[in-house]
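Comments concern the structure below.
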There are 2 protein chains.
Amino acid sequence: MEQYKYKVGEISKIAGMNTETLRYYEMIKLMPKPKRKESHYRYYDEIDLRRLLFIRRAKELGFTLNEIKELLNLRIESSATCGDVKHLAEHKLKDIEKRIDDLMNIKKVLSKLINQCVCEEISTEECPILEVIDSQN
Amino acid sequence: MEQYKYKVGEISKIAGMNTETLRYYEMIKLMPKPKRKESHYRYYDEIDLRRLLFIRRAKELGFTLNEIKELLNLRIESSATCGDVKHLAEHKLKDIEKRIDDLMNIKKVLSKLINQCVCEEISTEECPILEVIDSQN
DNA sequence: CTTGACTTCGTAGTATACTACTGATATTAT
DNA sequence: ATAATATCAGTAGTATACTACGAAGTCAAG
């Protein structure tokens, strides 16, 4: 079939990780077991690639591999479990909104620092970034 | 003096970490060496507390301890180094803006999922969160 | 002035997330 | 057909960030 076009080395290169990492993700069930042509080499498709790119970025954003697994498993499988999924998704949403908020605060302080930095002297003593914490209260 | 009011156990409790973590941060120079009354127990003040709270949250936001160290050291020490500080701060700012952007995308998809989740059936096959990657291009 | 909780330092152990290595087998290019 | 390159499974090792432990010293209440 045409869609299984990447070998492990190829897809891991595109996704910016190495082959061992991909095997590791398979081992911990963060990635599904890929197709094997004649039961040998692993072959991957576009959906696998999207998933890997998502994992990489989510990791950079501070989610653990377990949290990423949860995010990726969020979907409505039947009306029976729909409430649970909604609940979990709402929980994740709150968490993400708080993250955005805190990053905005850090951004504000950094911007201020950059603007002050037209090379007037400011205090050596105080660390400006600590204002972030104050602005939260 | 009045301002050195926290012992290690007290401040670590308020900051939501344990005493060993604080000693660890001191060891890797993420926290400064605290005052010692009669050269024994460590004593901390409000600035130390703000710093610890910042560290904790920055960690949750996906910054490594080294990155946090860099953020905390951002300040204008003299007009000589001002350019460097500005450069580094601008770099960090870009990084943070990208993080906010990506989190907004995740937020959008999660909100959509929650809204769909008024218990109509949607596809079992597709993982909605993968749309995040698509919406980035 | 004792008793019990807290702190000291150093070192060893743990969890997460890889990363490297080995020797065998498979695929691909010439 | 054969040489170069890729992949295989399994296991051991590494980096980061803690976390636990032990034995001795310190402090504060009754």
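This structure is a prediction, so every number in the text was calculated from the model and none was measured. Here is the naming used below: chain letters follow the sequence lines, and residue numbers restart at 1 for every chain.
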* **For atom OH of A/Tyr6 and atom P of D/dT7, their distance in whole Å** => 14 Å

* Asked: Crowded around B/Lys35 NZ? As in, over 12 foreign heavy atoms under 6.0 Å?
  -> no

* To do: Using the ring of A/Phe63 (Phe, Tyr or Trp, six-membered ring only), decide whether A/Arg99 places NZ or CZ under 6.0 Å from its centre and within 45 degrees of its axis.
  => yes

* Heavy atoms, side chains only, cut-off 4.5 Å: are B/Arg42 and B/Leu22 in contact? -> no

* With sequence neighbours excluded, what pairs up with A/Glu60 under the side chain to side chain donor-acceptor pair (under 3.5 Å) test? -> A/Arg57

* **Side-chain donor or acceptor of B/Thr21 paired with backbone N/O of B/Met17 under 3.5 Å** => no

Find every protein N or O atom lying less than 3.5 Å from an N or O atom of nucleotides 17-20 of chain C, and list the pairs.
unit_1: C/dA17; atom_1: OP1; unit_2: A/Leu65; atom_2: N; d: 3.0
unit_1: C/dC18; atom_1: OP1; unit_2: A/Lys59; atom_2: NZ; d: 3.1
unit_1: C/dC18; atom_1: OP2; unit_2: A/Tyr25; atom_2: OH; d: 2.6

* Does any N or O in the side chain of B/Ser111 come within less than 3.5 Å of the main-chain N or O of B/Lys107, such that one atom is a donor and the other an acceptor? -> yes

* Checking A/Arg56 side chain against A/Ala15 main chain: does a donor-acceptor pair fall under 3.5 Å? -> yes

* Between B/Arg42 and D/dT26, is there a side-chain N or O to OP1/OP2 distance below 4.0 Å? -> no

Pairs: protein N or O with nucleotides 23-30 of chain C N or O, under 3.5 Å:
unit_1: C/dA26; atom_1: OP1; unit_2: A/His40; atom_2: NE2; d: 3.3
unit_1: C/dA26; atom_1: N3; unit_2: A/Tyr41; atom_2: OH; d: 3.2

* Under 3.5 Å, is there a donor-acceptor pair between the side chain of B/Lys108 and the main chain of B/Leu103? -> no

